[in-house]
Each structure stands twice: as structure tokens, then as C-alpha cells.
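Please read the structure below before turning to the comments.
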Amino acid sequence: MDMSQYYGLFISEAREHVRKIGESAVQLEADPTDRPTIDALFRSAHSLKGMAASMSFTAIADLAHKMEDLMARIRNGLPVDSSLFDLLLAGADRIGAMIDDLESGGSGRGDSAALIARMLAYSPGEQPAPPDREVVETSPPSLVPPGEPVGTTAGEEWGVPKTVRVKTDTLDSFVTTTGELITVKHRLALLAGSCREGGLHEALRDLGRHLRALHDQVMAVRLLPLSAIAERLPRMVRDLSRQLGKEVSFTMQGVDMELDRSILDLLGEPLVHILRNCIDHGIEPPPARGAAGKPAVGRLSLSVARRKDQVEIEIADDGRGMDPGAICAAAVARGVISGEKAAGLTSHEKLMLVCQPGFSTAPAVTDVSGRGVGMDVVKHTLQSLGGSLAIRSEPGRGSTFLLKVPVTIAIINVLLVVVGGMTVAVPLTAVIRTLEIRRDERGNVDGEEIFFLDGEELPLLTLGGLLNIPGGDGPGDTLAVFVAEIGGRRVGIQVDRLLGHQEVFVKPLGRPLSALPGLNGAAILGDGQIVFILDIVHAG
Amino acid sequence: MMFRLRERRFALEVDAVAEISELLPEYPIPGAPPFLRGVVNMHGRVAAVLDLGAFLGLGTAGRGGSLVLLESPGCSLALLVEHLERMITSDDVGATRRGESRLLPVELVLADGMAGLLDVAALMDAVEKSA
């Protein structure tokens, strides 16, 4: 039987089990008596074994079999010590490597003899026993056909699956088609503008309603919980803390929050980088923590919350924190910023200097976070997603990184504005409010234009100035302004004209437009006009 | 594919051309350098229009012409050219000479003159750097 058609399915399901084993092993380490986690580990190993055997991947099946045996012994009451978790994690890593090998066209084999021998000899608190003395509960490799449910527990029904796996390319094409339909709807609405046929307008309203429903459904299908990428983080934190001789208690909250998969795809690396930074540079080694009057175990948390159309991810540690003055001095010394410019920065702006390319306060390059992607890449990635990064920190008390990303990106609501004769779009999530102010309400403080909003003095910038394009004051008595938050500060941004808001399909920019700063994408309006979607938070 | 621009002849490998189009309405790009004239809607694809003459320092393109959308991964760039000449094959090329720059690494010697062969990848890098 030709099994090659099942390779893709096997690889994705096997990876899922490997991930679950890693996650459960870390969970079990925190509570070795956690029976449901012991059962989950057993089931994952059992399922992997069956799937691999049915595909004749004997090396994977053998190793999974030994892991299953090991878990069977734990289930039967064998005590647990820390070496068990190392064995399970090493097994998961080895199988993960074999799956990688298969995927890249290899045989998926590997020498696991030494690891298997250690698993067979596992006996807490005793010298390793020879394998032939082991009493193991075994179950023969099952031959479940690929594509059918594996690892089911008693009581689960066999029948037509209620879910299907769909290639992500297909999901992407749904979004593209829905987006194009929305553009066509706007075109039709424009064409129908002067038409008096009532039925046409009614049909257009119906079309709009159905398109909104279609859009919501397509977007919902693409949503995945953040846990899809966050589940591997506890393992990463554990391994890194051990490597650095630090003790870290890591908690995650709200990771069931759902985001578009295209955002999740890009979010993994920034999360890992920030967490690695927290462990490497933030949390102190136990003696230093003791000296600072802190508990030996450092706290690291990741919490997720939804705010309007954005998801906020907060990563906080209780480590040594960051000193804005020291960061600023280092930035000046490294030529990242001039001393004159540095003098005018707020504390928050000084902290954000760590996101400048080439900046690193690590005294030496370490394997952990002193090289590879830097905070500049983290910031750039969030920016490219239409999100933002903010840092709060207090020396001696710890640091907090706040990542904001939109829930979905392909179809968004924008505010259309005119500046210098050019129509551009600002994502509505970046707009706090729009207003018109009288010219005489505009003031000048220290050479900077300001205006008052609800009694608060706000800087007044011009969009033309931010984008480096000419844009005049216009002839009227009033100035069109929208208020946005830039660098943690509310500012008014003056434009020539506010046109109103519209739903648009965001087209990603190809080269060379993607290299231009301040542009997040483009959209085609109903009349065929192309407008750019501005990254207002980072413009200028 | 051979085209003419500011009294000079250039060539592009056919594999590097995704589409040829007449001029389309252009929309401005905020903050872009002058050699990126604007963007056009090529069947739903947003492509930047490069005034190749201006970029190569030969002077800005005159009125009329065509757009040549380049085929390159992740790229969305159309070249504004003044006059499309003809397709040539390797049989038409008498000899090749070393070109004048990284963007034009090879000069094709043809029966009726010369043509500089554009390196699309190098062009894209150079445009991105200058943008």
C-alpha cells in the first residue's frame, strides 16, 4: 500500500504528540502526583507508537514504545524523580528530530539505543538496573490506519469526524477572495450612487450584510488560540533556567485567547526572545536575589488580555529591572543616539532605546540573548503586524514588556484622510477620536504646536510632517485632526481632510515598498484608487 | 525581451517578466523617492512603478510607454519603459561583453547594435537600498 499520501498527516499529528509530551513533562515536574498528566503522557506516547508503526517508521515506534512503557511503570506506582523528566524530554526531542528528518526526505532513523537503555534502567534513587530485570507493562504496537483517530480513550465514538484538516493556503485564499468581494461591493455601491432603482440599493445592503457574515466566518476559521505557540514556552523557560543556574517559576494566563494564524506565525519568535531576555538579563541568580532580599525563585509571567480589536500580551519578570539612565548612556556611547537628543527623552523613550538596531547592554555576548534576533527585530515584527511594543521597568523591581497585536489583519476598518492631495488610510484601532478644532484653539509652547482636548494639553503634529510630504493648513476656519497614541502619549495629528471610515482588504506590500518606513500595506478602494495603510504609531 | 529607454537599449530575460501592460492610473506613495513614481493596480496586485531612466541616471522617462511587471519572489515592481522593441533569442546574440555595472552585468552584441542585460535581483536590491 502506498503510504506516502499519509506522510503529511503523520508528520503534523506526530509533532502535535511530541509537543504534548514536552508540555506534560514540564507540568508533571511541577506536580509529580498529577494523575491526569501522567495519563496524558502515556496516551501521547501510545498514540505516537501506533502511528509510527503503521507507517513503518520503526525507530520512532520503538522509542515511543519505550516511553510508553516508562509511563506505564509510573502509572503503576513507580516513584518519580527529576531524571524522569529529563528522559521524557530527551525522548520527545529525539522523536522531534526524527520527524524533522522524515520531513526533509530522510529515513527518520536515529541511534536511540543509549536513550532507550536509560529509559529501561530508570529507577529512582537506585543504581540503574539491567533491562532484563525490568518488569514493564507493554502493549503491542497498534496498526491504526493513518487518518483515523488514534490514541482514543474508551468511550469515544468512532464515526465521521466532526472536524477536517484544511491546508493553511486554502484558508489564506478564503481571505483573499472575501477581501476582493468587499472591494467589488464598494465599487458597486459607488456605481449605484446615482441610480434611482430602489431594488438595487436594497440588494446592495443585503450583499453587504452577507459579506460581513462571510468575513466574520472566514476570520473565525483562521483563529487559533495563542496556546498553539505558547505551549512550548514552559519547556523553553525550564531548559534555559537550568542552563543558566537560575530558578524560575513561569506562569501563563489567558493563552486560550484567539488570534489570526498569520499573526501567530510571526509572534512566536518575539515571545521567545523577550522571555529569553528576561531569564538571561532580568532574573538574577539565586545568591544575588538573596542579597537583594528576594525569594530565590524568580517570577516570570505571560498574561494575555483582549482590548477592542487588539490582543495585549504582557510579559513580566521580578528581576533586576532596567535603568533608563544606564540604557541612555550606553546608547550614546555606542552612537545609537546623540547626547543632545538623549537629553530630551522621557524615561519610557530611554527604555525603548533597547529596540534600536545594534543596541545591547549585555556586558558580553552570551549564547542566550546577546546575539541572534535583537529587540529591534522584535519591535519591527510587531510593527509589521500593525502592533506595538512598550516597556516598563524599575531598577531592582523587574521589567514588563507589553506587546499589542491586532486580532486579525487581512480585513480591517480604516479612517481615510487626505494629506497633501493624497488619500491615505489609518487603522481605526490606532485612532482614539476625530475632531475639528478652530485655528485659534491651536497654541505654541516651546516651539511645538499644541491644543487642548478635554482639558489636557496635547502636541499637535501634522501628518504631512510625519510622512515627509507637503500638506498645508487648508483654507477653512477649522483644522481636521485625529487623536492617536504615539510612544505612550496622546497626540493630535492634523490632516487636510477627514473622509470617514471604511472596511478595506489589506494587501501586503511586496519589495521594494515593504522597505519604506511607516507603511503597513495597501488597499484598493471601490473606485479603483490605491491607498496606503499607515503605521501611524511608528510613522516619522 | 528588449526595450528602449532614453536612446539606449536594454534587455530582460523573459523569465524575469511577469506581465506587460499599457500605462495605468498611478497613485502616489507617501515618502517615496521620485524614481518610485507611484503604484498601479495590475489585476488586483499593487505594484510600484519604477522610473528606470531616472533611477539609472539617464533622465526621467518621457510621455507614453509601457509597464513591465517583474517576476521575482516577494517583489511587486513594474518598470516604466519608453518603447518595447522585440523578443530576441540566444541565436540573435552574436557575442557578450562585460557590462558596465552590477545592474547591467552583461552587454549583448546584436546584429543591429548593443543591449544591456538587466539583472533583476541586483536592481531590486539597489532600489530597496535607495528607497
Side-chain angles (χ1 to χ4, degrees), chain A residues 173 176-184 187 416-426 462-471 495-496 504-536 538-540, chain B residues 12 16-19 21-52 54-56 67-80 102-103 118-131:
Chain A
S173 67
T176 308
T177 309
T178 310
E180 299 295 0
L181 282 173
I182 287 174
T183 307
V184 172
R187 242 169 75 198
L416 292 173
V417 302
V418 178
V419 57
M422 192 185 293
T423 304
V424 290
V426 182
T462 63
L463 188 57
L466 287 174
L467 298 175
N468 232 349
I469 52 174
V495 297
D496 297 350
V504 295
F505 173 43
V506 183
K507 288 179 181 286
L509 300 176
R511 298 174 67 195
L513 294 174
S514 51
L516 292 173
L519 306 181
N520 256 350
I524 300 175
L525 303 183
D527 60 1
Q529 184 182 183
I530 299 171
V531 296
F532 283 91
I533 296 157
L534 303 180
D535 173 12
I536 202 71
H538 301 96
Chain B
L12 277 168
V17 178
E19 189 181 338
S21 153
E22 58 186 16
L23 296 185
L24 296 168
E26 288 175 15
Y27 300 95
I29 309 167
F35 56 77
L36 283 179
R37 297 194 356 160
V39 279
V40 290
N41 177 358
M42 290 185 105
H43 312 300
R45 186 167 163 183
V46 174
V49 176
L50 175 71
D51 183 341
L52 187 62
F55 185 68
L56 295 176
L67 293 174
V68 178
L69 182 67
L70 299 180
E71 178 74 66
S72 174
C75 133
S76 216
L77 186 69
L79 304 183
L80 175 68
R102 219 164 43 83
L103 302 184
L118 264 175
D119 181 331
V120 167
L123 176 69
M124 188 58 67
D125 287 345
V127 170
E128 215 166 47
K129 269 191 195 135
S130 312

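All figures in this text were calculated on a predicted structure; none of them were measured in a lab. No hydrogens, no waters, no symmetry mates; every other heavy atom, side chains included, goes into these values. Letters go in sequence order (proteins before strands), and every chain restarts at 1.
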Intermediate values then yes/no, side-chain contact (heavy atoms from CB on, under 4.5 Å), A:Val531 and B:Tyr27: CA-CA 8 Å; A:Val531 296; B:Tyr27 300 95; over 6 Å; no
Contact winner vs chain A - B:Val39, B:Leu50, B:Val127, heavy-atom pairs under 4.5 Å: B:Val39
Considering all heavy atoms, the nearest A:Pro512-B:Ala48 contact: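 That closest heavy-atom pairing would be CD-CB, 4.4 Å.
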Taking every non-hydrogen atom, the tightest pair across A:Gly528 and B:Asn41: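 What the structure gives for the nearest pair is O-ND2, 4.3 Å.
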By ring pair (Phe, Tyr, Trp, His ring centres under 6.0 Å) - contacts of B:Phe35 (at least two apart):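 Result, ring pair (Phe, Tyr, Trp, His ring centres under 6.0 Å) vs B:Phe35: B:Phe55.
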By salt bridge (Lys or Arg N to Asp or Glu O under 4.0 Å) - contacts of B:Glu128 (at least two apart):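 Here the qualifying residues are A:Arg511.
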Side chain proximity check, A:Leu519 to B:Pro30, heavy atoms < 4.5 angstrom: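 In contact.
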Atom group of B:Pro28 that falls short of 4.5 Å from chain A, counting heavy atoms: both
Spatial distance of atom SG (B:Cys75) from atom CG (A:Leu513) [nearest 0.5 Å]: 10.0 Å
Residue part contacting chain B, namely of A:Ile530, when any heavy atom lies under 4.5 Å: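 For A:Ile530, backbone and side chain are both near chain B.
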